[in-house]
Amino acid sequence: MKKENEGLIKQFTKIQEELLPQVKLENNFHKEEISLVAGVDLAYWENDTKHYGTCCIVVVDYHTMKVVEKVHSYGEIMVPYIPGFLAFRELPLIIKAAKKLKTAPTLYMFDGNGYLHYRHMGIATHASFFLKKPTIGVAKSYLKIKEQDFAMPKQEAGAFTDIMIDEEVYGRALRTTKGVKPIFVSCGNEIDLATSTEVVMNFINKESRLPVPVRLADLETHKVRKELKDNL
DNA sequence: GCGACAG
DNA sequence: ATCTTGTCGC
């Protein structure tokens with residue numbers, strides 16, 4: 001790790017260690033109540049020496065799969081990307097965008113881990129304390145923790161293997177689509193892993209291996225960035 | 001010096 | 001994350 005980040009790492013680690021005891025890996029709602037799910041993602045660009053980012057949140061109806069709302073925020077990015085501390089870099093714009101929502105999502109899904117993290121504090125878990133809603137972590141690649149690799153799930157859609165480290169389940173490798181690379185699902189907060197997996201699978205279609213809300217948020221960030229680039 | 005490393 | 005075209009395959 002870069003030496004100039006040592007101070008931040010110490011400071012950030014303390015903040016997350018204080019939040020950890022408040023994490024609850026149980027549903028804070030009834031499954032029948034799930035109606036709107038928000039997907040969150042960011043995209044970046046730069047002008048000269050300054051770094052900018054945009055956060056897009058796309059709210060999708062759990063049953064009809066229709067988009068019911070889209071909001072975004074943007075601004076200068078002041079925190080560097082440090083593996084394990086993604087939340088501190090992305091949270092400011094996430095909170096800014098979430099404040100613009102007129103609908104109230106039942107839960108949020110993130111592009112990144114939740115409990116599957118060195119300190120159980122991936123962005124999905126960390127963000128729940130500010131959004132005050134249940135959250136799910138959905139990562140496209142594996143973050144190796146304590147030298148532990150994950151077991152590859154079978155090729156069938158819906159197949160998964162739990163990622164267990166020191167007798168504890170951190171998350172799971174989930175094959176959302178037959179024959180395609182697995183994604184990594186973990187609890188964010190106020191939800192259990194089985195429900196998290198169920199929600200993710202509900203949003204899988206032929207278009208991508210990622211759940212629809214996160215996929216659409218990703219597409220939206222690229223679109224918004226294109227528009228903002230010329231106007232900043 | 002080399003490799004790791006969510007996004 | 002981002003820099004980037006075509007191309008192989010269903």
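Letters go in sequence order (proteins before strands), and every chain restarts at 1.
Rounding to whole angstrom units, CH2 of residue A:Trp45 and C1' of B:dG7 are separated by 16 Å. Distance CZ (A:Arg225) to P (B:dG7): 15 Å, rounded to an integer number of Å. For the pair A:Ile183 CD1 and B:dG7 P, the interatomic distance rounds to 11 Å; values are reported in whole Å. Spacing between atom CG of A:Leu116 and atom C1' of B:dG7 amounts to 14 Å, rounded to whole angstrom units. Between the CG atom of A:Leu210 and the P atom of B:dA6 there is a distance of 15 Å, given to the nearest Å. Separating the NZ atom of A:Lys226 from the C1' atom of C:dT2 is a distance of 15 Å, rounded to the nearest angstrom. Here B:dC5 presents its P atom at 7 Å from OH of A:Tyr118, a figure rounded to the nearest Å. Rounded to an integer number of Å, the gap from A:Asp149 CG to B:dA6 P is 14 Å.
Within the nucleic acid shown, A:Phe88 has no heavy atom closer than 4.0 Å to any nucleic acid atom. Using a 4.0 Å heavy-atom criterion, one finds that A:Asn113 contacts the bases of the nucleic acid, with or without backbone contacts as well. Residue contacts shown for A:Gly84 include a base, since a base heavy atom lies under 4.0 Å away. Contacts of A:His222 with the nucleic acid, taken as non-hydrogen atoms under 4.0 Å apart, involve only primed sugar atoms and P, OP1 or OP2. Among the heavy atoms of the strands lying under 4.0 Å from A:Ile123 is at least one base atom, whether or not backbone atoms are also near.
In this structure, A:Arg225 fails the cation-pi test against A:Tyr52, since its NZ or CZ atom is not both closer than 6.0 Å to the six-membered ring centre and inside 45 degrees of the ring normal.
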Task: Worked verdict on A:Glu90 versus A:Tyr81 for side-chain hydrogen bond (donor to acceptor under 3.5 Å, both in side chains) - done: CA-CA 9 Å; A:Glu90 306 200 326; A:Tyr81 169 65; over 6 Å; no
- [ ] Check the pair A:Glu168, A:Tyr115 against side-chain hydrogen bond (donor to acceptor under 3.5 Å, both in side chains), reporting the backbone distance first and the verdict last.
- [x] CA-CA 11 Å; A:Glu168 184 182 18; A:Tyr115 202 73; 2.5 Å; yes
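Comparing C:dT2, B:dC5, B:dG7 against the side chain of A:Leu86 picks out B:dG7 as the nearest. Out of C:dC3, B:dC5, C:dA1, the shortest distance to the side chain of A:Lys229 is found at C:dC3. Nearest nucleotide to the side chain of A:Lys140, out of C:dT2, B:dG7, B:dC5: B:dG7. Closest approach to the A:Leu143 side chain among B:dG7, B:dC5, C:dT2 is made by B:dC5 (side chain taken as heavy atoms from C-beta onward).
The closest donor-acceptor contact from the side chain of A:Thr161 to the backbone of A:Ala151 lies under 3.5 Å.
Checked against side chain to side chain donor-acceptor pair (under 3.5 Å), A:Lys70 has the following partners two or more places apart in sequence or in another chain: A:Glu220.
Relative ring orientation between A:Phe85 and A:Phe88 is described as tilted, the plane-to-plane angle lying within the 30° to 60° band.
In DNA chain C, no stem is built from 3 or more consecutive Watson-Crick or G-U wobble pairs with both distances under 3.5 Å.
OP1 or OP2 of B:dG7 lies within a sub-4.0 Å distance of a side-chain N or O belonging to A:Ser141.
Rounded to a whole angstrom, the distance from the P atom of B:dC2 to that of C:dT5 is 30 Å. The separation of B:dG3 from C:dT4, taken at their C1' atoms, amounts to 25 Å, rounded to a whole angstrom.
Counting heavy atoms from C-beta on, the side chains of A:Ile94 and A:Leu42 come closer than 4.5 Å.
A:Tyr81 does not qualify as a stacking partner of the C:dA1 base, lacking a centre-to-centre distance under 5.5 Å together with planes within 30°.
Linking ILVMFWY residues whenever their side-chain heavy atoms come closer than 4.5 Å, directly or via other members, leaves A:Val60 and A:Tyr108 in distinct clusters.
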